[in-house]
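Order of the sequence lines fixes the chain letters, A, B, ..., with proteins taken first and strands second; residue numbering starts at 1 for each chain.
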Amino acid sequence: MKKLLLGDEAIALGALHAGLSGVYAYPGTPSTEITEFIQGHPLTRERGIHCRWCTNEKTAMEAALGMSYAGKRALVCMKHVGMNVCADAFVNSAVTGVHGGLVVLAADDPSMHSSQNEQDSRFYGKFALIPIFEPSNQQECYDVMAKAFDYSEAIKEPVLLRVVTRLAHSRAAVEIGEVRDTNPMNPSTDQWVLLPGIARRKYEVLLSKQPQMEEAAENSVFNKLERGGKKLGIIACGVGYNYVKEAIGEEGNILKISQYPLPEKKIKALADENDAILVVEDGQPVVEQDVKALLGTGYAVKGRLTGDLPRTGELTPDCVAVALGKPAGPAFDAAKNLAPRPPQLCQGCGHRDVYAALRQIIDEMPDARVFGDIGCYTLGALPPFKALSSTVDMGASITMAKGAADAGLRPAIAVIGDSTFTHSGMTGLLDAINENSPITVIISDNLTTGMTGGQDSAGTNKFEAICLGLGMDPAHLHVVTPLPKNIPAIAQLLRDEIAYEGVSVIIPRRECIQTAARHAREAAKAKAAK
Amino acid sequence: MKKDIILCGVGGQGILSIATIIGEAATKAGVNLKQAEVHGMSQRGGDVQSNLRLSTESIWSDLIPQAGADVIISMEPMESLRYLAYLSPKGTIVTSSKPFVNIPNYPDEAALNAELDALPSVAKLDIETVAKDCGNARGANMVLLGMAAPYLEILSVGQLRSAIATVFARKGEAVVEANLKAFDAGVAAVK
């Protein structure tokens, strides 16, 4: 049977059919649809598979490791920058090893379609010394899951699954395989306590598995050496393979790589048969560097580092065709009557009313700086509001405002969303409260994780309690309703709290208009069904 | 045979519904398909596009190469020009004629129309008005799909009609009929 699936959906279905017992994730483009697909699948209800969103990627990674300890198969999903958040648990999970199969999915976003950098998660896999799978198409996304879980259990290590935006968010028909049972509960009897003495021993075990992982990559069904007619050596990783095939079909000698560590014997064989190698990989030049080191300075290795392919941005069929000497070129000149159309906050969105008030404050107080965060409200940086001075990573608004205030900056204002606050803002607020730092924190609460499409937000209905529990002075904790008519009152509240030399928290709260519309539709449908 | 299609517009205009219907028709017809979508940040009132590749042969790249698109289907006239470098010399633009202005520097409408009209093959229509005249104000995207239908070739008008019926089936008979009416009006408009 064939089904039309996004790469993300193929991963989700592959995991379900591989006997998944729990998915652990925080929403992040382009990974969100994996967890959403699992949440909506009948097998999930039937089998009681865990699928609720986690507070952040670190809690997700740790919970999945716990499920693996208990003997069951777990999947962790995140966008690439989520790897930074869970890195501690991720790297150490390779040292503890795993029991039930554990697959960590990182969805990279070269070209930064919806991200603040284009870091390549394959570095994390190498860093943790574990195998990486990098499927090249939707069918491989599905097929790789059963293999990855089996392999994880066979070598007792987590495996990293890396996809990029173009695969995560592209649809194709996928042939569906068999459905396997979940694992029974069967807790590990191994020692997982990473005290130095034990960790040293376990690290040796991890290192001792490396030749076995290399051998597996040499013989992997996902890595194959195709010999075409011409003396043209190409290493094509993940989706890079598709662009190579699009450009040259059967012409070249292509080593397709979708499983790491690198199959060095195959690479040497390719090098022996050709005069040069072009490395086609999406993301950073991870493989190109390794192949250069492997083949030595005398051998010509081309790719992103040599300028044969662009140093930044996602691969396209066009840049790969150029690197292979087959440029297409546009048929028409670029259009003249064309203006950029950047994304913007929805009309009627509560964040707009918050920024309208903030804009007044910034106009009145030119020394004010507003430290932003990650979410829809990052769009407050763009016209007409132009209200933000920084956006760095999840939670950095509060802590950067604090550091700037420590340096003497006044007024220091932080803007953070509700979901981002529980993801990584709470600990920073505790730091600020403990020093009563003179900052004004706006937790713009739209009752959802908006940017990624309206997933549940972990702290909904708990924000006042969280702030008070962290030690907030109730006199400086306020909840307001962001509506156009309330903009003057919100601006006045900001003035008053900025004048206070200590931590203030203002929570503008109104539901995201997108989820509100969805909830209204659902309510109408439920009423009609009665 | 292959047909490479770029679907474009502004976030929220319903281009993914068009993609879903073409995808359904292709799957039923046994035509190979790859469809790259844009999710996430750019969906918020910004420009959006989807690359849809249909072929009786195998399809490698998820993205359409430059000068490769057979049809650009656009919910907005300026957006149809954004992907001009991807249009094949023999390709066609099928677009709504009505600008969606949510930016301060939207180009002069007469100049925009002149540039579109100078291209070899363009079908323009005020799809919103046609949809309203059909009594289906939310069906502008179906009017547009109808306009594009004769250019798709790899899928017949009949196959697209039954895909509309399948995709909207769960919303009831009335919704299916309204969308088919809008689609038929689009087909009739380009004849």
Side-chain angles (χ1 to χ4, degrees), chain A residues 2-4 6-7 28-30 32-33 109 113-115 137-138 165-173 239 241-247 249 314-318 320-321 327-347 376 378-379 383-384 451-453, chain B residues 10-12 19 23-24 26-27 32-48 51-52 58-68 76-91 100 102-109 111-116 119:
Chain A
K2 281 200 169 185
K3 281 185 93 138
L4 197 57
L6 290 175
T29 311
T32 313
E33 293 81 356
D109 190 20
H113 297 283
S114 294
S115 305
N137 58 37
Q138 292 80 357
T165 304
R166 285 303 166 190
L167 182 53
H169 286 170
S170 181
R171 234 173 263 279
V239 297
Y241 176 73
N242 304 333
Y243 302 130
V244 171
K245 295 294 280 184
E246 179 87 22
E314 67 178 340
L315 292 175
T316 64
D318 303 304
V320 173
F332 295 100
D333 293 336
K336 290 176 202 72
N337 294 285
L338 189 59
R341 198 186 305 254
Q344 49 187 259
L345 288 167
C346 304
Q347 295 302 324
C376 285
T378 312
L379 296 171
M451 182 95 269
T452 45
Chain B
V10 181
E24 166 67 25
T27 309
N32 292 319
L33 167 115
K34 278 202 172 184
Q35 183 207 330
E37 300 172 1
V38 174
H39 297 203
M41 188 165 229
S42 36
Q43 283 178 298
R44 302 275 176 264
D47 59 272
V48 290
N51 278 206
L52 195 52
S58 37
I59 304 165
W60 291 110
S61 168
D62 294 272
L63 297 174
I64 298 167
Q66 287 193 352
E76 207 281 340
M78 182 185 81
E79 292 305 323
S80 73
L81 289 176
R82 196 178 300 283
Y83 310 96
L84 203 50
Y86 291 88
L87 188 64
S88 146
K90 293 178 200 151
F100 182 89
N102 66 343
I103 47 171
N105 54 338
Y106 195 92
D108 176 67
E109 206 181 326
L112 173 63
N113 274 316
E115 185 168 6
L116 269 169
L119 293 167

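Interface remark: B/I64 contributes backbone atoms only to the contact with chain A (heavy atom separation under 4.5 Å). Of the two parts of A/L4, only the side chain, counted from C-beta on, holds a non-hydrogen atom closer than 4.5 Å to a non-hydrogen atom of chain B. Looking at B/E76, the atoms closer than 4.5 Å to chain A (heavy atoms on both sides) all sit in the side chain, from C-beta outward. Neither the backbone nor the side chain of B/Y83 comes within contact range of chain A, judged by heavy atoms closer than 4.5 Å. Of the atoms belonging to B/L63, heavy atoms from both backbone and side chain fall under 4.5 Å from chain A. When heavy atoms are compared at a cutoff of 4.5 Å, B/N102 approaches chain A by way of both its backbone and its side chain. Of the atoms belonging to A/L6, it is side-chain heavy atoms, and not backbone ones, that fall under 4.5 Å from chain B.
With chain A as the partner, the residue from B/S88, B/A114, B/G23, B/A111 showing the most heavy-atom pairs under 4.5 Å is B/A111. Ranked by non-hydrogen atom pairs under 4.5 Å with chain B, the options A/A328, A/P340, A/A168, A/A247 are led by A/P340. In terms of heavy-atom pairs under 4.5 Å with chain B, the best-connected choice from A/Q138, A/K3, A/K245 is A/K245. For the set A/A173, A/A335, A/A331, the entry with the most heavy-atom pairs within less than 4.5 Å of chain B is A/A335.
Side chains of A/E246 and B/P65 form a contact here, defined as non-hydrogen atoms less than 4.5 Å apart. The shortest distance between side-chain heavy atoms of B/F100 and A/R341 falls below 4.5 Å. Within the 4.5 Å cutoff, side-chain heavy atoms of B/R82 are placed close to those of B/D47. You'll find the side chain of A/T29 stays beyond 4.5 Å of the side chain of A/S115, heavy atoms only. Between A/L338 and B/P107, the closest side-chain pair of non-hydrogen atoms is not below 4.5 Å.
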**Request:** Check the pair A/N337, B/M78 against side chain to side chain contact (heavy atoms under 4.5 Å, CB included), reporting the backbone distance first and the verdict last.
**Result:** CA-CA 7 Å; A/N337 294 285; B/M78 182 185 81; over 6 Å; no

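Donor-acceptor pairing under 3.5 Å is lacking for the side chains of B/S61 and A/N242.
Taking the charged nitrogens against the carboxylate oxygens, A/R166 and B/D62 have no contact shorter than 4.0 Å, which rules out a salt bridge.
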